[in-house]
Number of protein chains: 2
Amino acid sequence: MAFMEITTEAPQQHRPRGRPREFDADAALDHAIAVFSVRGYHGTAISDLADAMQLTPGSLYKAFKDKRGILLAAFDRYRLVRSTKLKAAIAPFPAGRDKIRAALLFYAEAAHGELGQRGCLVIATAAELAVTDPVAAERVEVAHATNEAVMKDCVVLGQSDGSISANIDAAETARALLCLLQGMRIVGKTGRSRAEMMAVADMAMKLLD
Amino acid sequence: MAFMEITTEAPQQHRPRGRPREFDADAALDHAIAVFSVRGYHGTAISDLADAMQLTPGSLYKAFKDKRGILLAAFDRYRLVRSTKLKAAIAPFPAGRDKIRAALLFYAEAAHGELGQRGCLVIATAAELAVTDPVAAERVEVAHATNEAVMKDCVVLGQSDGSISANIDAAETARALLCLLQGMRIVGKTGRSRAEMMAVADMAMKLLD
DNA sequence: TGATATAGGAAACGATCGTTTCCTATATGG
DNA sequence: CCATATAGGAAACGATCGTTTCCTATATCA
């Protein structure tokens with residue numbers, strides 16, 4: 001997983017006042033994403049993060065306020081990286097139906113093997129924090145709503161370009177697709193093969209009929 | 001949620017040797033299921049469990065060995081209760097297609113509203129412990145495999161009774177259904193309406209075409 | 001009844017947690 | 001150069017964690 005192609009740009013007009021930061025926040029957060037995904041939020045100690053991010057606890061608290069701040073920053077970066085890659089995956093295909101197929105394959109690729117076992121940080125956050133942390137819950141909700149909207153746009157596009165039947169309900173189809181994509185990530189937590197996940201992606205295309 | 005209809009029967013030939021247990025283990029585990037589902041494993045303290053189960057920490061350790069023992073016992077009971085209810089939900093329908101519709105509605109019922117936000121203990125365990133705890137991972141794998149097998153049996157039955165096309169792959173259809181069911185539970189963690197989940201269940205029937 | 005075995009529960013245990021303090025280092029602004 | 005402002009990091013903090021100890025209570029077996 002080469003995350004570093006995607007960076008959070010800095011305005012870069014004038015250097016800020018004090019001592020400049022010595023570490024790359026994006027690279028550090030990529031490590032935090034991996035740790036949180038594998039160990040969960042409460043299962044991750046600050047020392048785990050410090051080790052993985054190669055920073056001292058003091059520096060972590062200076063940069064991210066507290067443990068929850070690290071999680072939220074990692075969550076936001078995870079979303080940025082994943083949605084950027086998803087858009088790139090579906091962009092080459094002009095037809096709505098082909099965009100959806102590409103999205104399904106993109107998820108099948110992420111949900112299988114070792115990467116699939118690491119899992120999705122949105123799902124980890126939903127499962128562990130959605131009930132007890134309103135801020136985390138809202139970010140999960142936004143993430144799901146955004147993915148749902150991307151799927152819906154593809155369905156609507158497909159209906160206008162003729163690749164998808166005009167008789168299906170775009171909103172409900174998109175929601176069913178969202179459930180299936182999220183389910184692939186959960187099932188992938190126990191280590192499924194590429195072939196299995198690809199077959200699921202294939203079957204999911206039936207939702208467009 | 002009236003869990004107590006379903007109990008773990010005791011052999012009941014001769015009373016065991018020492019002082020008899022004063023609490024109902026099934027009822028206590030039902031409370032543990034609720035706590036673990038809402039707070040997660042690492043987010044749940046022994047004191048939380050002691051409060052919910054109305055037992056002292058000492059009694060918990062005497063009965064379940066340690067915190068992980070409580071989780072595994074709660075997990076096993078959760079599976080027993082849920083799979084018993086699932087079987088009851090699909091039993092009245094003779095046709096394979098109708099059994100699958102019943103299973104989808106059963107999940108839609110569990111995945112919406114407040115109960116949906118509490119979530120599924122199998123998914124909570126998969127998300128939080130699958131990578132770090134091999135025993136928990138195996139139980140999740142068995143749970144998924146069992147659900148997948150139930151779906152597959154329904155598809156095969158439907159293909160023999162003519163309610164489902166003989167041209168579809170039963171194993172791959174069952175796996176896609178499993179992903180969709182699990183995805184409903186994840187999406188339901190942020191509180192979806194009954195109508196939304198029912199619509200997803202309806203859409204999922206397309207996988208049988 | 002007395003020996004044995006298990007349950008209930010108050011209290012205390014060391015370990016580890018998340019967080020803060022405090023000092024040094026390195027930058028900018030005047 | 002001196003004031004200001006922020007970053008890095010070692011060390012220490014109280015709080016809480018999971019677990020154990022130890023004693024009492026209640027059952028069966030002989």
Side-chain angles (χ1 to χ4, degrees), chain A residues 8 10-29 31-32 35-36 38-75 125 128-129 132-133 135-136, chain B residues 8 10-29 31-32 35-36 38-75 125 128-129 132-133 135-136:
Chain A
T8 309
Q12 190 66 11
Q13 34 196 9
H14 282 308
R15 278 285 229 15
R17 200 54 146 61
R19 175 175 170 179
R21 170 167 295 163
E22 291 179 5
F23 67 94
D24 181 334
D26 288 332
L29 286 175
H31 289 124
V35 175
F36 278 131
V38 166
R39 312 187 58 82
Y41 178 70
H42 290 296
T44 299
I46 299 294
S47 59
D48 295 328
L49 292 166
D51 289 348
M53 301 169 82
Q54 300 192 98
L55 294 167
T56 59
S59 296
L60 282 176
Y61 275 80
K62 181 98 61 182
F64 300 104
K65 206 72 179 174
D66 57 15
K67 186 185 176 184
R68 189 156 159 271
I70 306 173
L71 185 273
L72 293 174
F75 184 98
T125 305
E128 199 177 347
L129 299 176
T132 53
D133 186 333
V135 175
Chain B
T8 310
Q12 189 68 11
Q13 34 197 12
H14 285 305
R15 279 284 230 15
R17 202 51 149 64
R19 174 175 172 178
R21 173 167 291 163
E22 291 179 6
F23 67 93
D24 180 336
D26 288 333
L29 287 175
H31 290 123
V35 174
F36 278 132
V38 165
R39 311 186 61 83
Y41 178 70
H42 291 295
T44 298
I46 299 293
S47 58
D48 295 327
L49 292 166
D51 289 350
M53 300 168 83
Q54 301 192 98
L55 294 168
T56 59
S59 296
L60 281 175
Y61 275 79
K62 182 98 59 180
F64 300 104
K65 205 75 180 172
D66 57 14
K67 185 185 176 184
R68 188 155 160 273
I70 307 174
L71 185 273
L72 294 175
F75 184 97
T125 305
E128 199 177 348
L129 299 177
T132 53
D133 185 333
V135 175

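Chain naming here is simple, since letters A, B, ... match the order of the sequence lines and numbering starts at 1 in each.
At a threshold of 4.5 Å between non-hydrogen side-chain atoms, the residues B:Leu71 and B:Thr44 do not count as touching.
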Review item, nucleotides 20-22 of chain D N/O atoms under 3.5 Å of protein N/O:
none

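As rounded to whole Å, 11 Å separates atom P of D:dG8 from atom CE of A:Met53. The distance between atom CZ of A:Arg68 and atom C1' of C:dT19, rounded to the nearest whole Å, is 15 Å. The distance from atom CZ of B:Arg19 to atom C1' of C:dT6 is 9 Å, rounded to the nearest whole Å. For the pair A:Gln54 CD and D:dA7 P, the computed distance is 19 Å after rounding to whole Å. Following rounding to the nearest Å, A:Phe23 (CZ) and C:dA27 (P) show an atom-to-atom distance of 16 Å. Atom pair B:His42:NE2 and D:dG18:P shows a separation of 10 Å (rounding to whole Å applied). Atom C1' of nucleotide D:dG9 and atom CG of A:Asp51 are separated by 14 Å, given to the nearest angstrom. For the pair A:Leu55 CG and C:dG18 P, the interatomic distance rounds to 16 Å; values are reported in whole Å.
One donor-acceptor pair, N or O on each side, does fall under 3.5 Å between the base of C:dT4 and the side chain of B:Arg17.
The residue among A:Ala63 and B:Glu22 whose nearest nucleotide of DNA chain D is located toward the 5' end is A:Ala63.
Between B:Ile46 and B:Pro57 the shortest heavy-atom distance is CG2-CB, 4.0 Å. Nearest heavy atom pair, residue B:Met53 against residue B:Phe64, reads CE-CE1, 4.0 Å. Scanning both residues, A:His42 and A:Lys67, for their nearest heavy atoms gives CA-NZ, 3.9 Å. Closest of all the heavy-atom pairs between A:Leu29 and A:Ala74 is CD2-N, 3.9 Å.
Minimum atom distance to the side chain of A:Ala45 is reached by C:dG18, of the listed D:dG8, C:dG18, C:dA10.
Under the 3.5 Å distance criterion, the side-chain polar atoms of B:Asp48 are matched with a main-chain donor or acceptor of B:Ala45. For the pair B:Glu128 (side chain) and B:Gly40 (backbone), a donor-acceptor distance under 3.5 Å is absent.
Contact check, B:Ser59 against C:dG9: a side-chain N or O comes under 4.0 Å of OP1 or OP2.
Base pairing of D:dC22 is made with C:dG9, judged by Watson-Crick or G-U wobble geometry with both donor-acceptor distances under 3.5 Å.
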